Amino acid sequence: MPVAVMLGTLCALVALTPRPATAGRSCGDTRQVYSDKGYSLNTAPLTQISGEHLRLCPQDYTCCSSLMEETLARQSESDFLSAMDDSSQFLLTTFNQRHRKFDEFFRELTDLAEKSMNQMFTKTYGRLYTQNANVFQELFVELRRYYSGGSVSLGEVLAEFWSRLVERVFSLVNPQYQFSDEYLECVSKHAEQLQPFGDVPRKLRLQVSRAFIAARALVQGLATGRDIVSKAAKLNAAPECVHALMRQWYCPLCRGMPTLRPCHSLCLNVMKGCLANQADLDAEWNHFIDSLVQVAEKLEGPFNMELAADSISVKVSEAIMHMQENSVATSTKVFQGCGNPRPALARSRRSPKESRGNRRPFRIYSPEEKPTTAAGTNLDRLVSDLKERLRPMKGFWISLPHTICNDDKMAADVTNEDRCWNGQTRGRYLPDVTGDGLVSQINNPEVEVDIARPDVRTRQLIMELRVATNRLRHAQAGQDTDFMDSEGEEGSGSGGGDGSERYNDDWPGYGPYSPPYSKPPRNPPSPNKPSRTRDRLANKWNRANQGGRGKSAASLPASCHLHLFPLCLVLSLAPLWR
């Protein structure tokens, strides 16, 4: 080989070889960066000095004093926590905003449903409704209490509503009789056997329970996601982690090379060691995200909250119409079981205004007449936006080291493997990148991690995720985990159906099959509500039914029959609505 070529090659190799630091080299660049971070230059050397005093960085010639090394170690921890905040900000913002939007939407839907019922019933029955509006108001009070997280059984709430309603309507359709509270208790006690409202209570229970359970579970799940991210992102870096962060980010500064970034693989090993516990969240986190998406899809499909809230007034009006149209048969059975009531006292003549009979019977309102949106949006739009934002969150905790190290301010690009900081000097980083999670850090070359001591707070977060995921999964089947012991004996929960049950024909696009109705058992009365004595007349009811027809049943006037009944109803005595 010609001598000139050999000399050229030798010069090139020398040029690429890192030159050892020597005393007397200027520390101007280091001092400038240190000052820009707001630190005093009183302890910063003007030129490189011997590095025997250093505890974290290589003990070569350096531009850092002991105090500077300690200060930069604290700065590296601050930078790390700031990077965690920046990386998790998308998650926090998404959970915060979507929680607020869905919560506002569901609350306004409930308000609109109550307003719709109030308008519809006031327009139809006027004072006959307004005098008894408390029955309907109490239903919405309890629905809101359930949605807000109260210990409320939806099955019990709806059963109580129908129980109170049947007493009011039964008095109204039999104005020629006077009923005692005890007699009406007998009517209410056997309402399930009589089915005065037909199949409407079962349908409404399925629709409302499933929708409210899913809505509450979704909003609670979004709040849980927000809290988990907030807790997991605000960690206390262990001393071993801080030392590794200092070595990769600020030791180049002490060596007088402030623009040199750590090698990408070095950064990954440091971050995987520092975030080992967070990576262990990932499996449960992914299950949680999947469950949120699935509940959201149920809410825009078979458990549609808009349709359920909007159907309350329509279904109640259907129920009352059914009882009106079948009042003769229902009353006959009641008189057989509960006995003949006392005739009503003579009533004063009604005013012409009240006797005009111009009230219309309850009717089904067309979709154009009913509210279709709330909170300035609609459910399809909300769910679509949520799913679009949730799906990229899967794998977040596993990918967090890559997210941080892919920032060009934190580490060198993967294509720059030969001209990056390898922990000692400029050059290629040779160790392999470790795996994810606590156990995989046993051989981490950068961070010493005690794999025998899992982080207690991380284990608590994993348990919180499991509880939230379990609640969401039950909500997908229309079940509320808070009431499964008392109402889930038949696998129905508050929602009245397990995951295999097909949906009834009230929902567009679903088959005509309606599952058999099973009325949820009534829980014991709460202390603030007086108990209802329903057993006194039960034996009499059973004896009457066992003995055939029993006493002759009282009948309604002919003018109150079938399709003419709504007119007769209005002309009857309004004060009988209690």
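What you see below is based on every heavy atom in this structure, not just the backbone, and it leaves out hydrogens, waters and symmetry mates. Bear in mind the structure is a predicted one, so any value in this text is a computation, not a measurement. Residue indices begin at 1 and follow the sequence shown.
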Between N269 and T434 (side chain of the first, backbone of the second, donor and acceptor by atom type, cut-off under 3.5 Å), is there such a pair? yes
For D282 against F396, the heavy-atom pair lying closest together: OD1-N, 3.5 Å
Check F197 against I320 and note the closest heavy-atom contact, atom names and distance. CD2-N, 4.2 Å
As an exercise, state the distance from CZ of F121 to OG of S313, rounded to the nearest 0.5 Å. 6.5 Å
Could you tell me whether a side-chain N or O of K315 sits under 3.5 Å from a main-chain N or O of V200, the two making a donor and an acceptor? no
Apply salt bridge (Lys or Arg N to Asp or Glu O under 4.0 Å) to residues D199 and R202 and explain how you reach the verdict. CA-CA 6 Å; D199 198 33; R202 180 193 65 82; 2.8 Å; yes
In this structure, are over 12 heavy atoms from other groups packed under 6.0 Å from I442 atom CD1? no
For Y146, does the six-membered ring have the charged nitrogen or CZ of R216 within the cation-pi criterion, i.e. under 6.0 angstrom from the centroid and within 45° of the normal? yes
Taking the side chain from N378 and the backbone from R381, do they hold a donor-acceptor pair closer than 3.5 Å? yes
Pair E300, K387 - check side-chain contact (heavy atoms from CB on, under 4.5 Å), show working. CA-CA 12 Å; E300 69 173 345; K387 290 191 296 184; 3.2 Å; yes
I'd like to know if the side chain of E114 reaches the main chain of T110, judged simply by a donor and an acceptor atom lying under 3.5 Å from each other, with no hydrogens or angles considered. no
Heavy-atom donor-acceptor pair, Y183 side chain to G339 backbone, under 3.5 Å: yes
What pair of heavy atoms forms the shortest contact from L472 to V295, and how long is it? O-CG2, 3.3 Å
How many angstroms lie between CG in D290 and CG in L390, if you round to the nearest 0.5 Å? 10.0 Å
Could you grab the distance from atom CG of L465 to atom NE2 of H287, nearest 0.5 Å is fine? 10.5 Å
How far apart are the C-alpha atoms of R144 and E138, what are their side-chain angles, what is the distance that settles it, and do they pass the salt bridge (Lys or Arg N to Asp or Glu O under 4.0 Å) test? CA-CA 10 Å; R144 289 188 184 92; E138 182 66 20; over 6 Å; no
Report yes or no: does E306 contribute a side-chain atom to a donor-acceptor pair with the main-chain N or O of L299 at less than 3.5 Å? no
With rounding to the nearest 0.5 angstrom, report the CD to CE distance, Q89 to M84. 12.0 Å
Begin from the C-alpha positions of R164 and L139 and carry the test side-chain contact (heavy atoms from CB on, under 4.5 Å) through to its verdict. CA-CA 10 Å; R164 295 179 68 189; L139 170 63; over 6 Å; no
Geometric class of the F179/F335 ring pair [parallel <30°, tilted 30-60°, perpendicular >60°]: parallel
Which heavy atom of S88 sits nearest to which heavy atom of V229, and what is that distance? CB-CG1, 3.9 Å
Students often mix this up, so state it plainly: with edges at 30° and 60°, are the rings of Y129 and F136 parallel, tilted or perpendicular? tilted
Determine whether a donor-acceptor pair (N or O, by modelled atom type, separation under 3.5 Å) exists between the side chain of S440 and the backbone of D436. yes
Show your working on salt bridge (Lys or Arg N to Asp or Glu O under 4.0 Å) between D385 and K101 and close with a plain yes or no. CA-CA 11 Å; D385 175 70; K101 284 182 176 294; over 6 Å; no
Side-chain donor or acceptor of N406 paired with backbone N/O of H402 under 3.5 Å: yes
Are the side chain of S171 and the backbone of E167 linked by a donor-acceptor contact shorter than 3.5 Å? yes
